[in-house]
Amino acid sequence: MQITLKPVKSSIKVFNYLEKKGFVARLKPTRKTIDTRTKTGAVDILYTSNKNFGAHRLMCIGKRNKTVQMTYHLDNEDLIFLNPYNDDYQKLYIVFALDKIDIFNKKLSKNILTNKDFIAVEIVFNDPNLSFFTILKKTVHCEVVRDENKQHPIFFVAESSKLKNNKIKHKNLKIVVGEY
């Protein structure tokens, strides 16, 4: 079985949807930091990683894979899509399953997944509203590129230093990011 996904452009609407589903959290000012009247300002902790996963780490990723291999993590990871040199990158997509890992695995085992169970989001770089966000724990996802004769995209990930990349075996399911 093959599922072919039609990618959607990154937009506030798409990211509002992903936030509402509990899959991502964008990096944006909180009410506490906006409304503060103190002399020194305010600090608002967005999240603290579970100590079982260790200290945070920041990684630079050069993404070249063209095959969708769904994964998930047991804790959050922050994605930062900066292109300071404005290189002409291949298109980068994040494929999200629209269920967290437990429900996703049930559907996968019953062989009932369809294209309606996924969204492929084209990533934009250097956009203050769309290029910096957190993928929340147990969100099934995969970063993948389109085969183009361009520089592969490079981005940054901050996560717990002991966080594992849990690959999901879906050999009977092929996911393809198609054309618009």
Side-chain angles (χ1 to χ4, degrees), residues 5 7-63 70-104 116-145 151-166 180:
L5 302 175
V8 297
K9 294 274 189 187
S10 287
S11 68
I12 298 293
K13 182 179 178 181
V14 168
F15 273 80
N16 284 342
Y17 172 74
L18 295 172
E19 281 183 316
K20 186 176 179 181
K21 294 284 287 180
F23 298 142
V24 303
R26 286 182 287 161
L27 301 179
K28 52 189 175 184
T30 63
R31 214 20 55 205
K32 178 180 176 183
T33 59
I34 292 170
D35 294 342
T36 185
R37 299 283 182 245
T38 67
K39 191 182 226 182
T40 59
V43 174
D44 202 0
I45 297 171
L46 299 176
Y47 78 86
T48 301
S49 293
N50 184 319
K51 68 180 180 181
N52 294 331
F53 297 108
H56 251 56
R57 63 183 170 192
L58 178 63
M59 300 179 292
C60 183
I61 309 292
K63 187 53 79 170
M70 301 304 284
T71 63
Y72 70 98
H73 310 288
L74 294 177
D75 205 0
N76 302 336
E77 67 173 339
D78 302 319
L79 280 75
I80 305 161
F81 297 100
L82 291 174
N83 184 355
Y85 306 117
N86 290 314
D87 291 329
D88 189 17
Y89 286 158
Q90 294 172 338
K91 288 183 180 171
L92 175 66
Y93 304 96
I94 298 183
V95 175
F96 290 97
L98 297 180
D99 293 299
K100 295 281 189 162
I101 185 60
D102 295 337
I103 294 172
F104 178 84
K116 290 181 170 62
D117 292 298
F118 300 90
I119 186 171
V121 179
E122 183 181 333
I123 296 303
V124 294
F125 286 76
N126 302 329
D127 184 309
N129 290 305
L130 304 173
S131 299
F132 317 96
F133 55 88
T134 301
I135 295 183
L136 301 176
K137 63 184 174 183
K138 298 185 179 182
T139 296
V140 179
H141 66 285
C142 175
E143 300 92 5
V144 65
V145 297
Q151 165 68 44
H152 63 269
I154 298 166
F155 60 95
F156 303 90
V157 175
E159 65 184 24
S160 301
S161 62
K162 295 182 181 179
L163 192 64
K164 297 214 182 308
N165 191 23
N166 301 296
Y180 289 112

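These numbers were taken from a predicted model, which means no experiment stands behind them.
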- Message: Please identify which of these residues, F132, F23, F133, meets the ring pair (Phe, Tyr, Trp, His ring centres under 6.0 Å) condition with F15.
- Response: F133
- Find the distance between NZ (K21) and CD1 (I119) and round it off to the nearest 0.5 Å. 10.5 Å
- Query: Is the closest side-chain heavy-atom distance between L98 and Y17 below 4.5 Å?
  - Reply: yes
- Not counting sequence neighbours, which residues clear side-chain hydrogen bond (donor to acceptor under 3.5 Å, both in side chains) with T134? List them please. D78
- Step through the shown structure and confirm whether more than 12 heavy atoms of other residues, nucleotides or ligands are within 6.0 Å of CD1 on I12. yes
- Item | Contact check, side chains of I123 and L79, non-hydrogen atoms, under 4.5 Å | no
- Message: Regarding E19 and K28, does a basic nitrogen lie under 4.0 Å from an acidic carboxylate oxygen?
- Response: yes
- Message: Looking at every heavy atom in both L82 and N126, which two are closest together, and how far apart are they?
- Response: CA-OD1, 3.4 Å
- Message: Within the 4.5 Å heavy-atom criterion, are T33 and T36 side-chain neighbours or not?
- Response: no
- Query: Rounded to the nearest 0.5 Å, how far does CD1 of I103 lie from NZ of K138?
  - Reply: 11.0 Å
- Looking at the rings of F118 and F96, which for Trp means the six-membered one, are their centres under 6.0 Å apart? no
- Message: Please identify which of these residues, Y89, F155, F156, meets the ring pair (Phe, Tyr, Trp, His ring centres under 6.0 Å) condition with F125.
- Response: Y89
- Just wondering, do I94 and F81 contact through their side chains at under 4.5 Å, heavy atoms? yes
- Specify the closest pair of heavy atoms between L136 and T139, including all atoms of both residues, with the distance to one decimal. O-OG1, 2.8 Å
- Atom OG of S49 and atom NZ of K162: how far apart are they, to the nearest 0.5 Å? 12.5 Å
- Query: M70 and C142: which non-hydrogen atoms are nearest, and at how many Å?
  - Reply: SD-CB, 3.8 Å
- Query: Should the ring pair H141 and H73 be called parallel, tilted or perpendicular, given that the plane angle runs from 0 to 90° and is split at 30 and 60?
  - Reply: tilted
- Item | Inter- and intrachain pairs under ring-ring contact (aromatic ring centres under 6.0 Å, His included), touching residues 34-60, at least two apart | none
- Message: If I compare all heavy atoms of K100 with all of V140, which pair ends up nearest, and what's the gap?
- Response: C-CG2, 4.2 Å
- Task: Measure the spacing between CG of N166 and CG of L163 and express it to the nearest 0.5 Å.
- Result: 7.5 Å
- Query: Which heavy-atom pair separates N76 from K137 by the least distance, and what is that distance?
  - Reply: OD1-N, 2.9 Å
- Does NZ belonging to K32 count more than 12 external heavy atoms closer than 6.0 Å? yes
- Note on the structure: Looking only at heavy atoms, the pair that brings P153 and L92 closest together is CG-CB, 3.8 Å
- Any chance you could measure S131, atom OG, to I80, atom CD1, to the nearest 0.5 Å? 10.5 Å
- Message: With heavy-atom distances below 4.5 Å as the criterion, would you say the side chains of E159 and M59 are in contact?
- Response: yes
